[in-house]
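Structure first, commentary second.
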Amino acid sequence: MNTKDELAKAYDPKPVEEKWGKFWLDEGLFVADPKSPKPKFSMVLPPPNVTGILHMGHALCFTLPDIITRWKRMQGYNCLWLPGTDHASIAVHNVIERSLAEKGLTREKIGREEFLRIAWDWKAKYGGAITGQLKKLGASLDWSRERFTMDPGFSRAVKQVFVSLYDEGLIYRDYFLVNRCPHCRTVLSDIEIEHKDLHGKLWHIRYAVEGSDESVVVATTRPETMLGDTALAVHPEDERYAHLHGKRVILPLQNRPIPVITDERVEREFGTGAVKVTPAHDPVDFELGKKHGLEQVIVIDGSGRMTEAAGPDFAGLDRFACRAKVVEKLSEQGLLVKVEAHDHAVGHCYRCKNVIEPHLSWQWFVRIKPLADEAIRVVEDGSIEFIPANWAKTYFEWMYNIHDWCISRQLWWGHRIPAWYCRDCGRIMVAMEAPAKCDKCGGALDQDEDVLDTWFSSALWPFGTLGWPDETEDLEAFYPTDLMSTGFDIIFFWVARMIMMGLKFRGRIPFRHVFINGLVRDLKRRKMSKSEGNIIDPLEMIDKYGTDALRFTLAALAVPGMDLALSEERMAGYQAFANKIWNASRFVLMNLGEERPAVREAELTFADRWIRSRLAEVTAELSSSLEQYKFYEGADLIYHFIWHEFCDWYIEFAKVGLREGNRTTAAVLADALDRILRLLHPFMPFITEEIWQHLPGTGKSITVADFPRPEPGWRDEALERDMALVQEVVEETRKIRSENKIAPREKIKLILVEGHAKRTSNASGKATIIRTESEILRGLTGAAELEFCEAMPAGDDLLKGVTGPCEIGIIPPKPTDLGPERERLQKEIAKVEAETAKIERKLENIDFVAKAPAAVVEENRTRLEELRARREKLGQNLAKVGAAS
RNA sequence: GGGCGGUUAGCUCAGAGGUAGAGUAUCGGUCUUACAAACCGGGGGUCGCAGGUUCGAGCCCUGCACCGCCCACCA
């Protein structure tokens with residue numbers, strides 16, 4: 001890259017992001033090589049829906065793993081991060097059927113073939129939107145391996161899995177009561193139902209006992225289903241109803257006799273203790289019906305309308321309209337005893353939010369227990385780890401109580417179930433390819449109309465994308481993957497099923513770590529939704545603050561497993577951070593030529609050694625944070641280091657050296673920046689690449705540069721402690737200046753009173769610190785004249801005697817009010833005294849001295865001494881100021 | 001009904017049994033030649049409540065309150 005062109009004064013992300021985003025892809029820097037001898041690190045991207053447009057959830061889901069992948073890549077791993085999209089049956093249906101409805105059409109009117117043509121067209125046209133947006137986030141995905149859950153290879157994998165499971169008896173077909181969404185007109189699995197507590201009613205209805213004047217009152221939340229009642233149930237030991245055993249009651253409105261049955265599952269305390277039984281429309285009743293051999297009368301169809309069986313008064317009515325009418329009729333006939341308010345949970349469709357309807361029909365199921373048992377084991381034995389670990393509990397909770405999985409959907413967009421039915425003998429044939437005719441009777445065959453649950457195919461994502469069922473190079477090289485990063489909302493939908501299918505079809509876990517990220521919420525902690533109007537659009541944020549700022553914000557807020565409240569202010573803060581780095585880099589580059597100067601050990605200044613020591617420490621800490629997926633911690637670390645150590649202190653120190661023409665300082669500055677950029681790169685890929693390319697002596701791309709390792713020789717804790725003293729002196733000086741309203745320009749005289757000697761450093765360190773200290777005091781505080789207290793020995797080296805924290809006083813440059821300084825000292829004294837008292841109390845406590853670890857006791861003693869010494873010096877200073885006034 | 005989180009500065013959140021932190025906001029002061037998207041300084045806290053363990057608790061234990069989420073067949 002051209003190192004000569006100057007950096008603009010302020011950072012402008014747009015051209016930079018465009019340039020390097022393209023460069024990385026053109027150069028194939030993220031393309032994985034299955035033959036590489038390097039250790040591998042692989043992930044598959046949770047495929048976004050083709051219908052999707054980028055939202056903050058995506059931004060988070062792509063940023064966090066991208067940080068990991070970039071970090072691993074820089075560490076020399078052969079990284080594969082495989083992208084793709086999901087066909088999202090129901091979501092696509094919703095989109096297309098809505099547009100059909102606008103033209104007065106339905107999918108049934110245009111037919112399956114035409115519908116699928118439209119769907120594929122739509123996918124081709126809009127399905128790419130999400131991938132284009134993804135690239136803007138700078139996610140280092142291997143686009144050469146992009147997949148789609150309905151591409152031919154993946155479809156083959158899906159069929160293969162279905163056929164195998166069917167052959168093994170793990171997939172079966174059954175006539176069963178399932179959840180159906182009347183709006184989406186398909187059945188759903190149990191976890192696709194959202195339970196919401198609603199304020200409902202409990203209607204008490206009188207049923208006459210056959211052949212007597214007696215009656216029984218039942219309570220129900222769904223009066224319309226009574227039309228399909230085929231029994232009345234009471235508890236066998238409920239004495240109130242003992243005389244009804246074996247009798248029949250007359251179903252009102254239908255005037256049909258139904259038997260009274262007894263079952264332990266009836267709660268005597270609830271309602272009247274007598275319950276109507278509707279086997280075709282209630283899950284419990286369905287089971288009761290099976291147990292007691294009851295008839296199943298379907299009175300509500302798949303669209304939520306009443307059937308002929310509901311009787312002429314109700315047939316054709318919508319279920320809710322029917323409810324009103326039933327209640328009305330019962331009331332007219334005096335059979336409605338009372339109506340109570342009653343809160344209860346009602347199932348809603350997770351896609352369209354309509355109330356779901358229990359629906360009796362033929363469906364396909366996965367017999368899940370045998371698969372779940374293995375999947376439980378691999379988490380129990382630690383083969384798969386959840387991060388944070390307590391999500392494993394959620395996983396177990398569901399897995400232990402898992403129910404068979406209904407996988408058929410009455411939709412067209414998706415993987416059509418590879419099952420054929422013989423028109424003549426009804427035989428079912430399941431195969432990869434359509435059989436020509438029935439292998440039993442030779443009859444013609446019809447393929448099952450339904451498609452598979454989208455999640456059935458997603459479950460195969462970690463190996464289906466790598467070429468399975470073929471034993472490909474990629475599959476060999478990259479399965480199992482190392483990390484699955486996703487939201488807790490799809491642990492059941494997706495994570496659990498991937499584990500089950502991975503174990504079943506690869507015999508190995510699909511991934512080692514499951515990182516659970518939280519939900520992105522707004523500042524009021526509400527979920528972002530269109531209807532709330534609180535959406536923060538990532539593309540808008542990128543436009544406004546830059547991708548790096550967005551990424552850094554998400555990382556800084558990402559505490560594992562916790563929801564994060566996104567704030568635009570914060571993002572603006574990280575935009576400023578990018579600008580800060582930019583300007584710091586400008587300063588560094590200004591002080592470099594075409595070549596990077598070499599470091600000469602002998603010329604290293606105190607500050608140079610200090611920043612190297614800090615760098616070694618921060619490098620180690622950052623790696624440790626990333627290893628634990630503590631993105632917030634890593635972000636915080638690097639942010640603080642760059643802004644408040646590198647910029648605020650080191651660059652200021654370096655100016656002293658640079659002014660004197662110290663080329664080693666220039667070299668250290670350049671080297672530190674180089675390392676900083678590499679440390680920061682996983683978080684802020686674009687700006688770091690841009691600056692790095694301007695630094696002399698770097699390589700092809702920072703994406704494949706070495707991630708820094710802590711230099712073992714650089715860490716120097718004693719030196720860091722000395723620097724802390726220097727910083728204390730400087731900060732105290734600034735404080736005094738500020739409180740006395742002394743302008744930076746004005747020269748002041750400082751009085752340094754030597755502190756206690758406890759924190760003495762080694763002799764050579766002292767010499768250095770003293771020199772640096774003078775530099776800094778001049779350079780940073782503008783104090784040209786230093787004056788030291790009487791106790792200080794006079795001599796050439798003004799600060800020779802300073803060995804510990806210093807109390808600083810000032811002699812104002814001109815007569816001025818010393819009141820503020822006096823107040824400051826008094827406040828400081830009060831603080832010191834309060835703390836002294838606290839520690840004294842502690843040390844007077846015999847138990848504390850006896851039982852606390854010796855080191856802690858010693859620490860407190862030292863601290864007490866420090867405080868007492870400090871109190872004394874403060875007193876001396878106060879006396880001086882007091883005397884001056 | 002069962003389970004899981006949360007409650008720390010005005011706001012958003014970190015926090016490792018041993019001196020309560022960050023960002024931001026706020027107040028005051030600075031154009032100190034990398035950066036006003038900046039610099040310097042200040043103020044701001046009974047760590048939800050009540051007990052307990054401990055020499056010592058924001059942190060561990062018990063109970064309670066409130067907020068949020070997940071699961072669940074009292075119709």
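Lettering follows sequence order; numbering is per chain, from 1. In this text, all values refer to a predicted model and were calculated from it rather than measured experimentally.
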Heavy atoms only: give me the nearest Ala556(A)-Ala635(A) pair and the separation to one decimal.
-> CA-CB, 3.8 Å
At under 4.0 Å between heavy atoms, what does Tyr574(A) touch on the DNA or RNA strands: base, sugar-phosphate, or nothing?
-> nothing
Looking at every strand, decide which applies to Trp203(A) at a 4.0 Å heavy-atom threshold: base, sugar-phosphate, or nothing.
-> nothing
Separation between CD1 of Ile638(A) and CZ of Phe646(A), rounded to the nearest 0.5 Å | 10.5 Å
Check every strand shown and say whether Lys630(A) touches a base, only sugar-phosphate, or nothing at a heavy-atom separation below 4.0 Å.
-> nothing
Would you mind classifying the nucleic acid contact of Lys276(A) as base, sugar-phosphate or nothing, using non-hydrogen atoms under 4.0 angstrom?
-> nothing
Quick one: label His403(A) by what it contacts on the DNA or RNA (base, sugar-phosphate, nothing), any heavy atom closer than 4.0 Å.
-> nothing
Could you measure between the two P atoms, the one in rG15(B) and the one in rU54(B), and give it in whole Å?
-> 28 Å
Without swapping roles, check the side chain of Thr272(A) against the backbone of Ala274(A) for a donor-acceptor pair under 3.5 Å.
-> yes
Pick the P atom in rC31(B) and in rG21(B), then give their distance to the nearest Å.
-> 32 Å
Is Asn591(A) reaching over with its side chain to a backbone N or O of Ala666(A), donor-acceptor style, under 3.5 angstrom?
-> no
Any N/O donor-acceptor pair, Arg570(A) side-chain to rU24(B) base, under 3.5 Å = no
Donor-acceptor pair (no angle test) under 3.5 Å: Arg265(A) side chain, rC74(B) base | no
Does any N or O donor sit under 3.5 Å from an N or O acceptor when you compare the side chain of Lys393(A) with the base of rC4(B)?
-> no
